[in-house]
> 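Have a look at this one before I ask anything.
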Amino acid sequence: MTAVSEGSGQRPERRAPRWMKIALVVSLAFNLLAVGVVARTAWHLRHQLGFGEAESRGFQSFVRRLPAERRDEVRAIIEPRRAMLRDLRREMREARAKVRGLFVAEPFDATAFRAAHAGMVAAETRLREASQGVFPDIAEKLSAEDRRRLADWRERRQRWRERWRRHRDRSEHE
């Protein structure tokens with residue numbers, strides 16, 4: 001405490017107790033620890049599970065990592081079919097949305113639902129058939145190492161999707 005004369009009109013300077021300063025430092029340490037854990041988890045998800053910027057764009061993220069000559073060969077296979085596959089994927093999403101809408105609609109129209117469901121299956125089949133030739137053609141252009149890396153890449157993405165589905169399903173049932 002600072003000594004102040006009684007008649008000077010100044011108030012004595014107040015200082016925080018020592019325990020309060022220690023508590024502040026400990027609190028700061030815990031906050032920094034929490035931020036570090038969150039940052040490490042985000043880094044792990046982004047880089048180890050294939051959820052980073054380059055990975056988030058699908059197959060093209062794998063193609064970008066190929067050597068230049070193979071990258072060009074793979075893109076030459078994909079490019080002519082890109083617009084058609086995009087349209088088929090859009091058609092499939094629209095068919096799925098229609099089925100979902102009819103499924104939850106009241107009153108339930110079984111006939112319309114069956115027709116929409118058949119349309120969705122047909123759209124999915126068209127997409128699968130259209131993409132059937134793409135993957136074998138690409139596999140022919142890849143080296144054994146590239147095919148192994150592609151298989152690992154697809155497996156990581158599939159594991160991520162399965163984890164996400166399990167998490168989403170758990171969240172929906174709670």
Side-chain angles (χ1 to χ4, degrees), residues 28-104 112-174:
L28 178 63
F30 278 121
N31 288 329
L32 290 174
L33 178 66
V35 168
V37 168
V38 169
R40 185 222 175 267
T41 301
W43 185 266
H44 175 74
L45 289 174
R46 181 175 182 207
H47 293 286
Q48 298 300 320
L49 299 177
F51 198 63
E53 179 185 336
E55 294 286 344
S56 67
R57 295 193 191 107
F59 185 67
Q60 288 300 321
S61 67
F62 175 79
V63 173
R64 263 188 245 110
R65 294 179 178 158
L66 291 172
E69 67 278 354
R70 280 196 291 282
R71 184 180 330 133
D72 294 340
E73 291 173 346
V74 169
R75 284 183 177 157
I77 293 169
I78 295 171
E79 282 305 318
R81 302 171 188 174
R82 182 185 301 275
M84 176 192 59
L85 292 172
R86 184 181 316 120
D87 292 342
L88 289 172
R89 279 192 297 272
R90 182 181 36 74
E91 179 184 331
M92 184 184 64
R93 282 191 304 272
E94 289 169 358
R96 284 179 177 172
K98 183 176 181 182
V99 166
R100 270 190 302 261
L102 289 169
F103 186 74
V104 298
F113 178 76
R114 285 180 193 279
H117 191 270
M120 179 187 73
V121 170
E124 289 174 346
T125 302
R126 283 191 297 277
L127 176 60
R128 286 188 181 273
E129 287 173 351
S131 61
Q132 280 297 315
V134 176
F135 210 64
D137 291 348
I138 290 171
E140 283 184 81
K141 302 295 182 186
L142 299 177
S143 69
E145 177 61 27
D146 292 335
R147 287 192 308 273
R148 192 172 13 266
R149 285 192 355 235
L150 177 57
D152 292 345
W153 178 84
R154 288 177 63 134
E155 187 176 321
R156 276 193 321 271
R157 289 179 59 88
Q158 186 61 34
R159 279 194 314 261
W160 172 253
R161 285 185 189 118
E162 289 170 5
R163 286 182 193 143
W164 177 250
R165 281 186 200 118
R166 281 194 308 268
H167 172 72
R168 183 191 62 208
D169 292 345
R170 255 193 324 259
S171 297
E172 288 175 358
H173 295 296
E174 291 177 355

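Owing to the predicted nature of the structure, the values given are computational and were not obtained by experimental measurement.
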> Pair up each side-chain donor or acceptor in residues 131-142 with any protein partner under 3.5 Å, not counting sequence neighbours, and list the distances.
{"unit_1": "Ser131", "atom_1": "OG", "unit_2": "Leu127", "atom_2": "O", "d": "3.0"}
{"unit_1": "Ser131", "atom_1": "OG", "unit_2": "Arg128", "atom_2": "O", "d": "3.2"}
{"unit_1": "Asp137", "atom_1": "OD2", "unit_2": "Arg81", "atom_2": "NH2", "d": "3.1"}

> When rounded to the nearest 0.5 angstrom, what distance separates CZ in Arg154 from CD in Gln158?
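The CZ atom of Arg154 sits 9.0 Å away from the CD atom of Gln158.
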> I need the single residue from Arg96, Arg90, Lys98 that forms a salt bridge (Lys or Arg N to Asp or Glu O under 4.0 Å) with Glu94. Which is it?
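Running salt bridge (Lys or Arg N to Asp or Glu O under 4.0 Å) over Arg96, Arg90, Lys98 with Glu94 returns exactly one hit, Arg90.
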> Working to the nearest 0.5 angstrom, can you tell me the gap between Glu91 CD and Arg86 CZ?
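It comes to 14.5 Å.
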> For a quick test of reading the model, state the closest non-hydrogen atom pair linking Arg71 to Val63 and the distance between them.
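Closest approach of Arg71 to Val63, heavy atoms only: CG-O, 3.4 Å.
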> Say you draw a straight line from CG of Asp152 to CZ of Arg147; how long is it, rounded to the nearest 0.5 Å?
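With rounding to 0.5 Å, CG (Asp152) is 13.0 Å from CZ (Arg147).
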> Measure across Leu85 and Ala130 and return the closest heavy-atom pair with its distance rounded to 0.1 Å.
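That closest heavy-atom pairing would be CD2-CB, 3.9 Å.
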> Hey, could you give me the CZ/CG distance between Arg93 and Leu88, rounded to the nearest 0.5 Å?
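Rounded to the nearest 0.5 Å, the CZ-CG separation comes out at 11.0 Å.
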> Identify whether the distance between the nearest side-chain nitrogen and carboxylate oxygen of Arg149 and Asp146 falls below 4.0 Å.
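Salt bridge between Arg149 and Asp146, a charged N being under 4.0 Å from a carboxylate O: yes.
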> Might you confirm whether atom CZ of Arg114 has over 12 heavy atoms from other residues, nucleotides or ligands at distances under 6.0 Å?
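No, CZ of Arg114 has 12 or fewer neighbouring heavy atoms, counting only those of other groups under 6.0 Å.
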> CD of Glu124 to CZ of Arg126: how many Å apart, nearest 0.5 Å?
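Reported to 0.5 Å precision, the distance equals 10.5 Å.
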> Are Glu73 and Arg70 ion-paired here, with the side-chain N under 4.0 Å from a carboxylate O?
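A salt bridge is absent here (no side-chain N lies under 4.0 Å from a carboxylate O).
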> Would you check, one step at a time, whether the test salt bridge (Lys or Arg N to Asp or Glu O under 4.0 Å) holds for Arg148 with Glu145?
CA-CA 5 Å; Arg148 192 172 13 266; Glu145 177 61 27; 3.3 Å; yes
